[in-house]
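Down below is the structure, laid out as structure tokens.
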2 protein chains.
Amino acid sequence: MSDRIRHPGLRDRRMSAAQAAALIRPGMTVAMSGFTGAGYPKAVPQALAAQIEQAHDAGEAFRIKVLTGASTAPELDGVLARAQGIELRLPYQSDPALRDRINAGELDYIDLHLSHVAQYTWFGFYGAVDVAVIEVTAITEDGRLVPSSSVGNNKTWLDQADKVILEVNRWQPEALEGMHDVYYGTALPPNRKPIPLLHPDDRIGEAYLRCDPDKIIAIVDTDAPDRNSPFTPPDADSKQIAAHLLDFYAHEVRRGRLTPQLLPLQSGVGNIANAVLTGLAQAGYRDLTAFTEVIQDGMLELLKSGVVRMASATSFSLSPAGIDEFLAHLDHYRQRIVLRTQEISNHPELVRRLGCIAMNGMIEADLYGNINSTHVAGTRIMNGIGGSGDFARNAYLSVFMSPSTAKGGRISSIVPMASHVDHTEHDVMVVVTEQGLADLRGLAPKQRAQRVIDACAHPQYRPMLQDYFDRASRESYGKHTPHLLTEALSWHQRFIETGDMRLS
Amino acid sequence: MSDRIRHPGLRDRRMSAAQAAALIRPGMTVAMSGFTGAGYPKAVPQALAAQIEQAHDAGEAFRIKVLTGASTAPELDGVLARAQGIELRLPYQSDPALRDRINAGELDYIDLHLSHVAQYTWFGFYGAVDVAVIEVTAITEDGRLVPSSSVGNNKTWLDQADKVILEVNRWQPEALEGMHDVYYGTALPPNRKPIPLLHPDDRIGEAYLRCDPDKIIAIVDTDAPDRNSPFTPPDADSKQIAAHLLDFYAHEVRRGRLTPQLLPLQSGVGNIANAVLTGLAQAGYRDLTAFTEVIQDGMLELLKSGVVRMASATSFSLSPAGIDEFLAHLDHYRQRIVLRTQEISNHPELVRRLGCIAMNGMIEADLYGNINSTHVAGTRIMNGIGGSGDFARNAYLSVFMSPSTAKGGRISSIVPMASHVDHTEHDVMVVVTEQGLADLRGLAPKQRAQRVIDACAHPQYRPMLQDYFDRASRESYGKHTPHLLTEALSWHQRFIETGDMRLS
């Protein structure tokens, strides 16, 4: 056990998860590790949830503010949400129980760009951080921390928290040591300097997290896997979306706007992203790079085959089979993966400098290329904006993708007006569905609308969209961005009332 | 005359504006200088408009694509719009005749972030640039160009255009020479490097624009003033908005989140911005800096009194009295003003590094802090997003400001749902009207809504907003961001139908 805690003075801070959780009191702001279901604390949040339930049973109020890197898992967001233990949560979440409570209006959730979380904490916008609960792989002899399967905001949480609780997770491979790159050159304005990263593979920091040992109030041993959702092979729609995108990249290479090495790839998480990665391999690309948030199974495959030369990210998000593959070929992957803090993995300065190709999912796009990434029918939050804004705004190419319909055709992901806007018309270059790809670069609003209708809309909805656009073009108050305000959100309202955006 | 054209070999390219304009043919993409009514070509566009009208009278089609830095003047956008000579215009415009034609659906207008224009042109997203028409102050012996009263995108236009027409405007003070800083270190991905600017006053480039002399096909002498709109003293609402903002800054200084030197200021153009500058002087600030787009009269005053130590911008926008003041104290101002290309003045990398305080006007804010900067009733474009997105997204503080009503109270600038979104909830920290200031940092959507209603709404509209929000909080499909989709845009629709957002 103790081999993971090499610092002799820290071994006596070991205690049970329940003892550690008892150090967290009602009203505290608790910053936790975790990004896309990796590297989150596994034991203390569950023990805390039990204590919160006990307090509630005893008629005592007990809620905390929870800050993380991004999404975690049922053992963190799930248990705390079910215990009614969260009063405020930020930034990104994807837990069903937590989401239900947010949408019931029972707790406050702040959705913000993942690159902004650390600096807003440093700026003091969220008040003091009382406790950080951070999973690590090991503690070195001199007290430095070997990060776990995600870095996220851990540097900031360790710096900013008054007290620190560490979970040392033996399940995490010791070989993670050396894979991380934690940049300690950040500063507050007016003392900021350029981030000295010129290529996705540049190492600009240290392989360890620093932490004042005096702040460490508890160390909890764990041996528990990350969320590790099983990998779902790409479905037909995802493959079709990927095929359209691959055609587009080939076209851009032929036009000389991209080289055959493309530019550093960023892609969101999930089925479509995996399909795109698979498609890149099949299309014969070699020596690509990734400057992204998350390493999924699909990326491992590409790193193995040489399609991708190296990948920079802030987190893993592997299936159990992906973990096995990673462990079986550790030496190969260690040389080709760098995990950074999320303020660096998503830094606008770097995304623009490197010229990333940003590929992100969406809930809906409207005729003019405004993108809703977060809200169903404008009001129900799904997961949050994540890093999509960090990348899309500053990318060389910003791509948003989704199947053209959802819920068996009852929802169109192409709508007259987005019911919530996370990415404005100014930040969206390409929209792709399984129907086709709309390249919106250099197009004015009405041109964009026709392109989106023709290329992306599902045939069931295309005539409805064309009808709306035609009538809006004739009758709109202003004809720069034609809309009929009495109808613009009527598709969403119809879905709320009938469960179907289609006219019955 | 010829003293402004010091390069001997170029003098014989001098010709009349009509002769130069005749080199521009139908369908061409013409990139022109000009930013906020400064430094735009004064003669060639007028001559071109006359030739376009002649062609139209003769039954010939003649339209061009017009790219600029930002807004120009009646002598450029106005005459070309009235001649029906523009088929596509980008990025920012403010000419009434042009705006009318855009909103009548007669020409295409692309609205984009001002920091993106140069790179999108380099990326090839707008196709080839056939001709650049650039106003300069002088041409040196060795053919370098002394920029005029704005820099804008001129470096890119001169680099990218096949052919160049120069207007050498004797009206521009020769003493402008040396005030500019044109950075030639930009590159395309994957070859980009950090922009080596650490402070607003750093000079990182050259005082001159480069241009291959072989590309110069015409030089036209002019002697004509910039647009130079008269300065309007701040009105009562603007003063009140400024007062709220000054209180807020004082509060932030007391809390230690800002020093008494604040951070580099960016402020939009106009009455409110001038009131804020005046307020800073009255509040006793000293040694501030500005990293902004435009130098207005108010900024000159502050530079004179030492309230502002130096200002970085891409353009002047002075009144006739402001010009006189500038010329009367040239040596003072030359040491304290740097004019840069707009890709640098607005660069996201620099705005984030410097930690700008971004203050921009808006058309409307909604309950949740989404900002509409561009479209009246969601469909009629006003001027465009300008640099507001470049600054707001990356600022230390992003402030949006407007009187709480317009058109004598018939329009509320606080609405249930923004009819067009240019700045999302993720990018907006502070909303100010003459009623008060809403600090939205660290607030979740429903908290933001109540703050905006209480602090910013006009008393005439406050009960209507509260009623909407209360009912939405009860009845909304999702209760994260409560809305009633059948009513969300009804205020705008009522304005379209009755000319008044209020219930009659």
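It should be emphasised that the depicted structure is a prediction, and the values quoted were computed from it without experimental measurement. Numbered from 1 within each chain, the chains take letters A, B, ... in sequence-line order.
Ring geometry for B:His483 against B:Tyr368 counts as perpendicular: the plane angle is over 60°, on a 0 to 90° scale with 30° as the lower cut. Note on ring orientation: taking the six-membered ring where Trp is involved, the planes of A:His420 and A:His375 are parallel (angle under 30°, cut-offs 30° and 60°). Aromatic ring pairs are classed by plane angle as parallel below 30°, tilted from 30° to 60° and perpendicular above 60°; the pair A:Phe125 and A:Tyr120 is tilted.
Rounding to the nearest 0.5 angstrom, the gap separating the CG atom in A:Leu288 from the CD atom in A:Gln261 is 7.5 Å. Considering CD1 of A:Ile363 and OG of A:Ser373, their distance stands at 7.0 Å, rounded to 0.5 Å. Note that the CG atom of B:Leu67 and the OG1 atom of B:Thr121 stand 5.5 Å from one another [nearest 0.5 Å]. Here CG of A:Asn346 is found 5.5 Å from CG of A:Leu114. Values are rounded to the nearest 0.5 Å.
Neither the backbone nor the side chain of B:Phe291 comes within less than 4.5 Å of any heavy atom in chain A. With a 4.5 angstrom heavy-atom cutoff, B:Tyr126 touches chain A only via side-chain atoms. Only the backbone of B:Ala104 comes within contact range of chain A, judged by heavy atoms closer than 4.5 Å. Only the side chain of B:Ala488 comes within less than 4.5 Å of a heavy atom of chain A; its backbone N, CA, C and O stay farther away. The part of A:Asp390 that comes within reach of chain B is its backbone (N, CA, C, O), which places non-hydrogen atoms under 4.5 angstrom from that chain. Using a 4.5 Å cut-off between heavy atoms, B:Val351 makes no contact with chain A at all. Looking at B:Leu440, there are no atoms closer than 4.5 Å to chain A (heavy atoms on both sides), in backbone or side chain. With a threshold of 4.5 angstrom between heavy atoms, A:Ile381 approaches chain B through its backbone and through its side chain. The parts of B:Ile102 that come within reach of chain A are both its backbone and its side chain, each placing non-hydrogen atoms under 4.5 angstrom from that chain.
When each of B:Lys446, B:Arg89, B:Arg257, B:His113 is checked for heavy-atom pairs under 4.5 Å with chain A, B:His113 comes out on top. If you tally non-hydrogen atom pairs under 4.5 Å between each of B:Asp427, B:Leu188, B:Leu112, B:Asn370 and chain A, the highest count goes to B:Asp427. Contacts with chain A were tallied for B:Glu425, B:His199, B:Lys479, B:Arg352; B:Arg352 has the most, counting heavy-atom pairs under 4.5 Å. Between chain A and the residues B:Ile385, B:Thr486, B:Thr289, the most heavy-atom pairs under 4.5 angstrom are made by B:Ile385. By number of non-hydrogen pairs under 4.5 angstrom with chain A, the leading residue of B:Pro194, B:Ala444, B:Gly442 is B:Pro194. Comparing A:Leu90, A:Leu443, A:Asn394 by heavy-atom pairs within less than 4.5 Å of chain B, the highest count is held by A:Leu443. Comparing B:Leu197, B:Leu88, B:Leu198 by heavy-atom pairs within less than 4.5 Å of chain A, the highest count is held by B:Leu198. When A:Gly355, A:Pro348, A:Pro482 are compared by the number of non-hydrogen pairs under 4.5 Å with chain B, A:Pro348 comes out ahead. The candidate from A:Arg448, A:His480, A:Gln447 with the greatest count of non-hydrogen atom pairs under 4.5 Å with chain B is A:His480. Here A:Arg393 is the residue among A:Arg393, A:Gln119, A:Arg380, A:Met417 with the most heavy-atom pairs under 4.5 Å with chain B. Interface remark: of the candidates A:His116, A:His347, A:Arg255, A:Arg353, A:Arg353 forms the most heavy-atom pairs closer than 4.5 Å to chain B. Comparing A:Glu106, A:His492, A:Lys193 by heavy-atom pairs within less than 4.5 Å of chain B, the highest count is held by A:Lys193.
Put simply, the side chain of B:Arg99 never gets that close to the backbone of B:Asn383: no donor and acceptor are under 3.5 Å apart. At least one donor-acceptor pair closer than 3.5 Å links the side chain of B:Ser419 to the backbone N or O of B:Gly378.
With respect to B:Glu349 and B:Arg192, no salt bridge is recorded, no charged nitrogen being found less than 4.0 Å from a carboxylate O. The pair B:Asp287-B:Arg309 fails the salt-bridge criterion, with no side-chain N (NZ, NE, NH1 or NH2) lying under 4.0 Å from an Asp/Glu carboxylate O.
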Candidate pair B:Ile195 and B:Ile344, rule side chain to side chain contact (heavy atoms under 4.5 Å, CB included), full reasoning:
CA-CA 8 Å; B:Ile195 313 287; B:Ile344 298 297; 4.0 Å; yes

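With a 4.5 Å cut-off on side-chain heavy atoms, B:Tyr109 and B:Leu98 do not count as touching.
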